[in-house]
A.B. asks: 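I'd like to ask some things about the structure below.
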Amino acid sequence: MSFLDEYRTVLKNLPICYSEAEVDVERRGSTVMKHANGEIIETRSSETAELFVRVSDEKTGYAYTQDLDEEPNHVLLRALNNSQFVERLKNDRLNRLLVNRRVSEGLKNRDPDIPSIKVAANQLEDSVRMVDSSISSVAVEICSERQLRNVINSHGLDVESAMDLYSATATVMAEKNGEQYDASYYESASRLEEINPERFRNKIAASLRHQYDAKEMHSGLYTVLLDSTVVTNIMMTAWQLFSGLKYGEGSSPLSGKLGEAIGSSCFSVIDSPSHELTGYHYEFDCEGTPSREEQLVDGGRLTGLMHNITSAYRLDTNSTGNAGRYALLSGSIPTDIIITPKIIYAEPGSESVASLLEEMGEGVYITHSYDVFHSINIGSGGFSIPCRGTIIRNGREDHNVTGLTMSGRLTDLFSRVRAAGNDLYIEEFLRKSYCVGAPSLLIEKLQINGK
């Protein structure tokens, strides 16, 4: 009997001391290949398993283990005993959907295609090395990953999903006029052949070009084009504005504004279970609720929120399948159920970056941003983000600038979007629990502080 079948048996015959229980199992297997200087320099494989248990009696308790062979009754009892340390007085609400969904054994047991990964890594390195004569080194890392998830509970819920994906990262070092520069680009896909070398070449070439021979600039209010990677970095933290928990608690700057305008007509945001630009897809959340697409912002109007079962109950609505555990970078074990996105992104428009620069005429093209996790205050919506970019004159790149900080409030930023580009970029969160994306955005005015 598998460890999951043992848990199924216990949950079907739950001891009288428990009112309800839930088990969430996340398993990952990955093979990573690193390629540099025309050869494989590292190959590593790993397998991880995490099991999260919730048990309710008078209060809900939690338990965590990586030992799948541990006796299920012992794990449930540990969760129940942990309930005495929980400050919340009310029990968690567990999913009462009677859904049963299994994945075929063939989908769960495919091995990575190592020879094809080697070929792809070599080709990507050769391709990237050609984009700039100043490049001194190139490193390519390709990861083949399998993610399996099961959520089962004592009410009859029993769902399973499998996800295969490939991700690639190319990192280059360059030297020009005695200065060192670096650039990188990331992409994921469901199939290895969908990784696009041309996008790697274009993005890395642009990243280096926008760093060379940078100067300082004066502080002021500028018309600004934010590169898609910069907007993605902002959204990597700003997605919390759309959390139903924060909205209901009044800790989001958007609290109380559902149905109201919170951005310009050119600003829209979607949270989706899948997208063609990434290999990630999400069938259900960690409470077993099926994932669905949710329009959060439509033409500047706040039309939706991301909910788990608890936040949906508090606001008299339905869960959107956004229950999660890994929201931000943390060293602690995330046993509590919170809200996380699936694939959240600002919707792209139809204009190219070149057209947006021409439309801007005079201003600053912000091409790089840094330390965004510590540069945005979600409670107030204020931000002060280190960045660099390129001065634009007559719609064309003039010279690069560095040592900048862009500052303001997220709600003002959303309201000042004049146009969205067609260059949507999607990136995984470092803990691989969700994805965030955005196109380049033309901003009417933004405070840029220089030296």
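Just so it is clear, the values below take in all heavy atoms, side chains as well, and ignore hydrogens, waters and symmetry mates.
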A.B. asks: State the NE2-CG distance between His399 and Asp213, to the nearest 0.5 angstrom.
C.D. replies: 11.0 Å

A.B. asks: Donor-acceptor pair, Asn308 side chain versus Ile338 backbone, under 3.5 Å?
C.D. replies: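 Such a contact is found between Asn308 side chain and Ile338 backbone.
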
A.B. asks: Do Lys203 and Glu187 pass the salt bridge (Lys or Arg N to Asp or Glu O under 4.0 Å) test, and can you show the C-alpha distance, the side-chain angles, and the key distance before you say yes or no?
C.D. replies: CA-CA 11 Å; Lys203 288 293 187 179; Glu187 196 167 285; over 6 Å; no

A.B. asks: For atom CD of Glu47, is the number of surrounding heavy atoms from other residues, nucleotides or ligands below 6.0 Å larger than 12?
C.D. replies: no

A.B. asks: What I'd like to find out is whether the side chain of Thr390 reaches to under 4.5 Å of the side chain of Asn400, using heavy atoms alone.
C.D. replies: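 They are in side-chain contact.
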
A.B. asks: Using the side-chain contact (heavy atoms from CB on, under 4.5 Å) rule, take Leu226 and Leu413 through it: C-alpha gap first, then chi angles, then the decisive distance, then the call.
C.D. replies: CA-CA 11 Å; Leu226 300 178; Leu413 182 70; 4.1 Å; yes

A.B. asks: Taking atom CD of Glu358 as the centre, report whether more than 12 heavy atoms of other residues, nucleotides or ligands fall under 6.0 Å from it.
C.D. replies: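 Not more than 12 within 6.0 Å, no.
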
A.B. asks: Between the main-chain N or O of Val417 and the side-chain N or O of Ser264, is there a donor-acceptor pair closer than 3.5 Å?
C.D. replies: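 Yes, Ser264 side chain to Val417 backbone: donor-acceptor pair under 3.5 Å.
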
A.B. asks: Parallel, tilted or perpendicular: which fits the ring planes of Phe414 and Phe242, with parallel below 30° and perpendicular above 60°?
C.D. replies: parallel

A.B. asks: Determine the minimum heavy-atom distance between Ile262 and Val297, stating which atoms define it.
C.D. replies: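 For Ile262 and Val297, the tightest heavy-atom pair comes out as CD1-CG2, 3.9 Å.
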
A.B. asks: Are any of the side-chain heavy atoms of Arg129 and Asn37 separated by less than 4.5 Å?
C.D. replies: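 Yes. Closest side-chain heavy atoms under 4.5 Å.
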
A.B. asks: Look at the side chain of Ser219 and the backbone N and O of Asn449, then say whether any donor-acceptor pair between them is shorter than 3.5 Å.
C.D. replies: no

A.B. asks: Quiz question: by atom type and distance under 3.5 Å, do the side chains of Glu427 and Tyr425 form a donor-acceptor pair?
C.D. replies: yes

A.B. asks: So, taking the atom named CG in Leu315 and the one named CG in Leu258, what distance separates them when rounded to the nearest 0.5 Å?
C.D. replies: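 One finds 8.5 Å between CG of Leu315 and CG of Leu258.
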
A.B. asks: Decide yes or no for Ile41 and His35: does some side-chain heavy atom of the first lie under 4.5 Å from some side-chain heavy atom of the second?
C.D. replies: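 Answer no - side chains too far apart.
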
A.B. asks: Take Ile195 and Phe200 through the side-chain contact (heavy atoms from CB on, under 4.5 Å) test and state the conclusion after the steps.
C.D. replies: CA-CA 9 Å; Ile195 300 292; Phe200 277 81; 3.7 Å; yes

A.B. asks: Considering non-hydrogen atoms only, spot the tightest contact between Leu148 and Ala162 and give its length.
C.D. replies: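 Distance-wise, the nearest heavy atoms are CD2-CB, 3.5 Å.
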
A.B. asks: Using a distance-only test with no angle check, is there a side-chain donor-acceptor pair under 3.5 angstrom linking Thr405 and Ser384?
C.D. replies: no

A.B. asks: Has the side chain of Ser228 got a donor or acceptor atom that lies under 3.5 Å from a matching backbone atom of Leu424?
C.D. replies: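 Between the backbone of Leu424 and the side chain of Ser228 there is no qualifying donor-acceptor contact (under 3.5 Å).
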
A.B. asks: Determine the minimum heavy-atom distance between Arg199 and Tyr185, stating which atoms define it.
C.D. replies: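 Scanning both residues completely, I find the closest heavy atoms to be CD-OH, 4.0 Å.
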
A.B. asks: Is Thr402 reaching over with its side chain to a backbone N or O of Ala214, donor-acceptor style, under 3.5 angstrom?
C.D. replies: no

A.B. asks: Closest heavy-atom contact between Asp285 and Ser291?
C.D. replies: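 Minimum heavy-atom separation between Asp285 and Ser291: N-OG, 4.3 Å.
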
A.B. asks: Would you call Asp24 and Arg149 a salt bridge, using N to O less than 4.0 angstrom?
C.D. replies: yes

A.B. asks: Quick one: does Ser350's side chain get under 4.5 Å of Asn422's, heavy atoms only?
C.D. replies: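 When only atoms from C-beta onward are counted, Asn422 and Ser350 do not touch, as no gap falls below 4.5 Å.
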
A.B. asks: Main chain of Ile309, side chain of Glu287: is a donor-acceptor contact present, judged purely on distance under 3.5 Å?
C.D. replies: yes

A.B. asks: Can a side-chain donor-acceptor contact be found between Tyr7 and Asn150 if the only test is distance below 3.5 angstrom?
C.D. replies: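 No.
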
A.B. asks: Hey, are Tyr166 and Glu194 close enough side-chain-wise for a donor-acceptor pair under 3.5 Å?
C.D. replies: no

A.B. asks: Measure the spacing between CG of Asn377 and CZ of Arg409 and express it to the nearest 0.5 Å.
C.D. replies: 9.0 Å

A.B. asks: What's the separation between atom CG in Asp227 and atom OG1 in Thr232, rounded to the nearest 0.5 Å?
C.D. replies: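 Nearest 0.5 Å value for the CG-OG1 distance: 8.5 Å.
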
A.B. asks: Does Glu362 reach the side chain of Asn394, with side-chain heavy atoms less than 4.5 Å apart?
C.D. replies: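 Glu362 reaches Asn394 side chain to side chain.
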
A.B. asks: Any heavy-atom pair between the side chains of Leu208 and Ser134 that's under 4.5 Å?
C.D. replies: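 No, every pair of side-chain atoms sits at 4.5 Å or beyond.
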
A.B. asks: Could you check, using the six-membered ring where one of them is a Trp, whether Tyr280 and Phe429 have ring centers closer than 6.0 angstrom?
C.D. replies: no

A.B. asks: Checking salt bridge (Lys or Arg N to Asp or Glu O under 4.0 Å) for the pair Lys176/Asp132: CA distance, chi angles, key distance, verdict?
C.D. replies: CA-CA 11 Å; Lys176 188 170 185 178; Asp132 192 310; over 6 Å; no

A.B. asks: Distance alone, cut at 3.5 Å: any donor-acceptor contact between the side chains of Asn322 and Thr320?
C.D. replies: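 A donor-acceptor contact under 3.5 Å links the two side chains.
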
A.B. asks: Using distance alone, with no hydrogens and no angle criterion, decide if Asp298 and Thr303 have a side-chain donor and acceptor under 3.5 Å apart.
C.D. replies: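 The answer is no; no qualifying pair exists.
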
A.B. asks: How about Glu397 and His210: does a side-chain donor come under 3.5 Å of a side-chain acceptor?
C.D. replies: yes

A.B. asks: Decide yes or no for Ile392 and Leu225: does some side-chain heavy atom of the first lie under 4.5 Å from some side-chain heavy atom of the second?
C.D. replies: no

A.B. asks: Answer yes or no: is there a donor N or O on one side and an acceptor on the other, between the side chain of Glu125 and the main chain of Gly38, under 3.5 Å?
C.D. replies: yes

A.B. asks: With salt bridge (Lys or Arg N to Asp or Glu O under 4.0 Å) as the criterion, how do Glu351 and Arg418 come out once you've worked through the C-alpha distance, each side chain's angles and the decisive distance to 0.1 Å?
C.D. replies: CA-CA 12 Å; Glu351 296 187 63; Arg418 269 174 38 186; over 6 Å; no

A.B. asks: Could you tell me whether the side chain of Tyr247 and the main chain of Met306 form a donor-acceptor pair under 3.5 Å?
C.D. replies: no

A.B. asks: Does any donor atom in the side chain of Asp412 or Ser415 lie under 3.5 Å from an acceptor atom in the other side chain?
C.D. replies: no

A.B. asks: Checking Thr411 against Leu241 for the side-chain contact (heavy atoms from CB on, under 4.5 Å) test, could you report, in this order, the C-alpha distance in whole Å, the side-chain angles of both residues, the deciding distance, and whether it holds?
C.D. replies: CA-CA 10 Å; Thr411 49; Leu241 297 179; 5.7 Å; no

A.B. asks: If you round to the nearest 0.5 Å, how far is OG of Ser319 from CZ of Phe284?
C.D. replies: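 If I round to the nearest 0.5 Å, the distance is 13.0 Å.
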
A.B. asks: Write down the atom of Pro253, the atom of Gly381, and the distance for their closest heavy-atom approach.
C.D. replies: CG-N, 3.7 Å

A.B. asks: So do the side chains of Met173 and Asp182 get within less than 4.5 Å of each other, counting heavy atoms only?
C.D. replies: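 Yes - at least one pair of side-chain heavy atoms lies under 4.5 Å apart.
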
A.B. asks: Which heavy atom of Met217 sits nearest a heavy atom of Ile391, and at what distance?
C.D. replies: SD-CD1, 4.0 Å

A.B. asks: Out of Ser272, Cys435, Pro273, which residue meets the side-chain contact (heavy atoms from CB on, under 4.5 Å) rule with Lys342?
C.D. replies: Pro273

A.B. asks: side-chain hydrogen bond (donor to acceptor under 3.5 Å, both in side chains) between Thr31 and Ser144: does it pass, once the steps are laid out?
C.D. replies: CA-CA 5 Å; Thr31 297; Ser144 171; 5.8 Å; no

A.B. asks: Under the criterion side-chain contact (heavy atoms from CB on, under 4.5 Å), I'd like the reasoning laid out for Met130 against Arg201: C-alpha separation, chi angles, the key distance, then a yes or no.
C.D. replies: CA-CA 8 Å; Met130 296 169 55; Arg201 290 195 300 270; 5.6 Å; no

A.B. asks: Can you tell me how far CG of Asn95 sits from CG of Asp92, rounded to the nearest 0.5 angstrom?
C.D. replies: 12.5 Å

